[in-house]
Every structure is written in C-alpha cells, then in structure tokens.
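Just the heavy atoms: all of them, side chains too, but no hydrogens, waters or symmetry mates, feed the values below. A note on names: the letters A, B, ... follow the listed sequences, proteins ahead of strands, and every chain is numbered from 1. Keep in mind the model is a prediction, meaning the values are calculated, not measured.
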Amino acid sequence: MLFTNYNTKKKIIALVDCNSFYVSCERLFNPKISQSPVVVLSNNDGCVIARSAEAKKIGIKMGEPYFKIKNIVTINNVQVFSSNYALYGDISRRIMTILKNLFPIIEYYSIDEAFLDLSNMSIKNMNNFIIDIKKTIYQNTGIPVSIGVGSNKTLSKIANHLAKKNIEGVVDLTKLTQEEINNILKNIDIEDVWGVGRQLSNLYKKNKINNAYELKYSSSSWIKKNTNVFGLKTVMELNGASCITLETSEKKKRKSCCVSKSFGNKVESFEELKEAVVTHCLNAAEKIREDEQLVKSVIVFIRTSPFDKHLFLSRSEKIDLAISTDDSMILSRACVDALKKIFAKGYRYQKAGVVFLGLVNNNEYGQNLFVDKNSQKSNSLMKAIDSMNVKFGRNSLTLADSGVGHCWKMRRDHSSKIDTSHFDFLPTVKSG
DNA sequence: TCTGGGGTCCTAGGACCC
DNA sequence: TCTGGGGTCCTAGGACCC
C-alpha cells in the first residue's frame, strides 16, 4: 500500500470581493450619489467597466460602449465617471492592509479581490465570523464587500457569486451537504463558473453542459481531451478537491510589463506615434525600476481601430536587447527602432503600446562582463528622474522624444479628479 | 464621431540536438 | 553509411482573469 503525506485536512478558503468597487470608491467622496445609478468608464471614456446596482437594474451592461448608452444615461440621470486608477489603487491598498493584518495567509488576487486561507483558524460560527470581517472593512474604509467561503478557490468564487445576491452579503458553503451544494450548482450558469470564458462555455453548451452541476459530473476523460489542465482543475474543484493553490508571496513580481493606450484622437504621423510610444516606454521603465527589474526584450505594437472596416492594420516588432537593462534611454531607443520598422503611412492609428518581456531581478544580473562603465552614471540619472516624477507627478520629467503637446492623449471628460494625497479631499466632519 | 488596459498560463509547432 | 525518432527549448497565439 502506498502512503503519501498529503494534508487531507479540509481547506477553508474565503474570497473577499468589493461590491462595484470603482463605483463605491467614487461614492466615498460623493455621498450624494449613494442611491443614484452610477457608472465608471474605461480609459478614453470608452466602455462601462463598473456599475452600481441601480445602473444594472436599468439595463446597462458590463463592457458596453459609452456612446451607445448616452440616451439611457440622460433619461435616468445616471452619474458618469472617468476612471481614476490612482484613487482606486489607494483605497485597494487600505483594504488589503486591513486583511493582511487579520489574515497572514492571503492572496491579493486583483485590485478588488483577495483570497484568504482560513483552514487553520478555529472558528466557531463561520457566518458570524465573516460578517465581522465585512463590518470591519466597511467601518475602516467605507467600502462594502461580499464574502464567499468554500473548500477551494472555485467554490469560494461560487459562494461569493451568491453572496452578492443575498442581503447579508456573505455565504458559507463549507457546512452544506453534497446534495445541498449540488442544488446550488444546478442554478449556476456555466459561463458564471470561474475559469470558463466565452470559448469554453460555447464548447460546453454544445455538449449539453449548461450549468456548474453538469460540469461537476461530466466525464473527466472528455474534459481532458477537449480542454486543457485548467478545465480539468475546475471540474476537480467543483468536486471538492483543492487544486488551485493560493499565491501568497509578499509581492508577486511581474513577468512582463505592458503599457498601452488608445488615443483620444486618431493619429497618423510618425512623430506623434513616436511620442506616444516613448511616453509608454518611459512609464513602463519606471514601473519595472520600482520593482527592481531589468528588461530582456521589448515589443512595440501599433494598430488601427478594429471597428474601422477600411484599411485595418495591426503590427508589432520585437527587439532583443544585447544586455538586460532598466535604462530609459536604451529602452526608448529600442522602442523607436522597432516603431520605424512597423510604421506605415496612410493609416489612422487608434492604439499603440509597449511590452517589456523577460523581466528579471536586477540583483540576479550583477556581474556582467559587458556592462559598461556608464551604466552606473545612468543608474543614478534614472533614480533622479523617478524621484522627481514621484514628487511632481508622472511624466513631469521626461525625454524630449516623448513630446510635450500630446494631442493624442486620453479623453477623460468625467473625472472626479479626487486625489487622496491632497488635503482638499479630506472629508469634513461636523459635530454637535 | 465615439468601442479599455494589464496581466498569466497553456498549447502547438518549429528549430535544434543527439 | 545509417535520414528515424525522442527530447528540449523557444515563441506566437489563444484563452482566461479582473
């Protein structure tokens, strides 16, 4: 007989997810809109990326282009905001800090979600316990959250999906019987299962797998043959196994870094494209320097709008650097070289971007025979630029190639302009 | 007129080696 | 001379997530 030292103790995983996060952040500083329908738009005021419950109710869909819903917005007096990622990032850090202090085993899954491992805690009443977490976050930040608990990540996602719909805002699946869980899974549409996107849900529906219950009891050999290991893991987790582990490392470092933006107005000239590409390159360079990483190769891509039926163009060029670097000068030179190779006249470009690949820690790259003596000088120059930009705002100190006019820059017609680092935005409290 | 941005991971297929 | 086949590594593209 084969013995393994698997920890067979049942896992307890909680997923904390902020409700309509970007909307909730805007409401924090604007309590007057706490009952109104509110939406937050993507960069360039392009699409709807967050909706309040009221906005959902009047039929505004996730990802819908803003220009298509302008009528609904006017008729229903919907409050519209351009996205303010500096604000959302700041509120997110506050919430994650609270959670980290309470629960050391935590995965920061996204800007508004975290997985907690509660397996080793002695919790008498799970429902009361997670209601307390919810209250603590609300009291300290003003952001409402939902919490779902299950025996693995996939089931905690499903629990959270249900928690969003009930009044308490929390759901615990760990005390339920198999039959009770199955009845719940029968009411979860296949496309609402974590890890099942558009392609997979089409495939599943064609094969008569329409809900989470049917996926749970589908043939694993069929799943293995027709999907990938992720598909299989999802099925196993629906069956209660724990296959997708928590990524709990303090700071997950990037493996790649991409900065890309659509233009506020279409761009045709090489000069303007160059300005945009260099600006994106400098922003990406600042990000990877903050994480103390070096870049092995860069990709530059440009494209016209996919909705523009005439003259569609999408091109990219990759350049491998001789030596991994974090030097803005070298990186932007490489980006401009790449752009020269792919630029074509006569197109109305809608988007440009820069991707850094092969990121490594800069201390892993210490002693290179070919690192020239100027690199130390450049190092201190980069540090100086970064600290100036932290002090005076992004792009305040930059390279001449990144331009100064920026007529291609983003549209943000609905910004709340809230800046949590500024005294003007401290809320006023009146007493007596 | 106007349709987001930033990530991760997996797989197939090519190049190369022995 | 033997020109098959297995292994590894890399990359582009696709799918997924929020």
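Using bins of under 30°, 30° to 60° and over 60° for the plane-to-plane angle, the ring pair Phe115(A)/Trp194(A) lands in the tilted bin. Relative orientation of the Tyr347(A) and Tyr349(A) rings is tilted, given thresholds of 30° and 60° on the angle between their planes.
If you measure from atom CG of Asp45(A) to atom C1' of dT1(B), you get 14 Å, rounded to the nearest angstrom. Atom CG in Asn283(A) sits about 13 Å away from atom C1' in dG6(B), given to the nearest Å. Taking atom CG of Asn160(A) as the reference point, atom C1' of dC18(C) lies 13 Å away to the nearest angstrom. Rounded to whole angstrom, the span from the CG atom of Asn84(A) across to the P atom of dG5(B) amounts to 16 Å. dT1(B) atom P lies 13 Å from atom CZ of Arg411(A), rounded to whole Å. Between the NZ atom of Lys153(A) and the P atom of dC9(B) there is a distance of 11 Å, rounded to whole Å. Put simply, CG on Leu232(A) is 16 Å from P on dC16(C), counting in whole angstrom units. Put simply, CG on Asn228(A) is 9 Å from C1' on dC16(C), counting in whole angstrom units.
Set against dC18(C), dG5(B), dT8(B), the side chain of Lys255(A) has dT8(B) as its closest nucleotide. Each of dG4(B), dC2(B), dT8(B) was ranked by its minimum atom distance to the side chain of Arg254(A); first place goes to dT8(B). Minimum atom distance to the side chain of Tyr109(A) is reached by dC18(C), of the listed dG6(B), dC18(C), dT3(B). The Lys70(A) side chain lies nearest to dC2(B) when the options are dC2(B), dG4(B), dT8(B). Distance from the side chain of Ser256(A) is smallest to dT8(B) among dG4(B), dT8(B), dC18(C).
Remark: DNA chain C forms stems of 3 or more consecutive Watson-Crick or G-U wobble pairs, all pair distances under 3.5 Å, at B:5-18 with C:5-18.
Contact check of residues 55-65 of chain A against DNA chain B (heavy atom, cut-off under 4.0 Å) returns Pro65(A).
Using a 4.0 Å cut-off between a side-chain N of Lys or Arg and a carboxylate O of Asp or Glu, Lys57(A) and Glu54(A) do not qualify as a salt bridge. With respect to the salt-bridge test (charged N to carboxylate O, under 4.0 angstrom), the residues Arg412(A) and Asp45(A) do not qualify. A salt bridge is defined here as a Lys NZ or Arg NE, NH1 or NH2 lying under 4.0 Å from an Asp or Glu carboxylate O, and Arg333(A) with Asp337(A) fails to meet this definition. Using a 4.0 Å cut-off between charged side-chain N and carboxylate O, Asp320(A) and Lys296(A) make no salt bridge. Under the 4.0 Å criterion applied to side-chain N and carboxylate O atoms, Lys186(A) and Glu214(A) are not assigned as salt-bridge partners. A salt bridge is defined here as a Lys NZ or Arg NE, NH1 or NH2 lying under 4.0 Å from an Asp or Glu carboxylate O, and Asp17(A) with Lys164(A) meets this definition.
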Between Tyr88(A) and Glu26(A), is a side-chain hydrogen bond (donor to acceptor under 3.5 Å, both in side chains) present by the stated rule, with each step listed?
CA-CA 9 Å; Tyr88(A) 313 148; Glu26(A) 296 293 346; 2.8 Å; yes

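Side-chain N or O atoms of Lys134(A) include one that pairs as donor or acceptor with a backbone N or O of Val145(A) at under 3.5 Å.
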Protein heavy-atom contacts under 4.0 Å, written 5' to 3' over nucleotides 10-15 of chain C as B (base), S (sugar-phosphate only) or - (none), form the string -S---S

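Here the separation of dC2(B) from dC18(C), taken at their C1' atoms, is 24 Å to the nearest Å. As rounded to the nearest Å, dT3(B) and dC17(C) have P atoms that lie 25 Å from one another.
Phosphate contact (OP1/OP2 of dG7(B), side-chain N/O of Lys253(A), threshold under 4.0 Å): absent. Between Gln350(A) and dG4(B), a side-chain N or O to OP1/OP2 separation shorter than 4.0 Å is present. Between dG6(B) and Ser260(A), a contact under 4.0 Å exists linking OP1 or OP2 to a side-chain N or O. Contact annotation: Ser262(A) side-chain N/O to dG5(B) OP1/OP2 distance is under 4.0 Å. One finds no side-chain N or O of Lys351(A) lying less than 4.0 angstrom from the OP1 or OP2 phosphate oxygen of dT3(B).
Within 4.0 Å (heavy atoms only), Lys157(A) reaches sugar-phosphate atoms of the nucleic acid but no base atom. Within the 4.0 angstrom heavy-atom criterion, only backbone atoms of the sugar-phosphate kind lie near Lys266(A); the bases stay farther away. Residue Asp112(A) is classed as a sugar-phosphate contact, given heavy-atom separations below 4.0 Å to backbone atoms only. Asn43(A) comes within 4.0 angstrom of the backbone, heavy atoms only, and of no base.
Along DNA chain B, the nucleotide nearest Asn44(A) and the nucleotide nearest Phe230(A) are compared for position; the residue whose nucleotide lies closer to the 5' end is Asn44(A).
For the pair Val39(A)/Ile49(A), no side-chain contact is recorded, criterion being any heavy-atom separation below 4.5 Å from C-beta on.
Taking the six-membered ring for Trp, Phe81(A) and Tyr22(A) have ring centres at least 6.0 Å apart. If you look at His280(A) and Phe301(A), their ring centroids are not closer than 6.0 Å.
Between the side chains of Thr325(A) and Asp327(A), no donor-acceptor pair is found at a separation under 3.5 Å.
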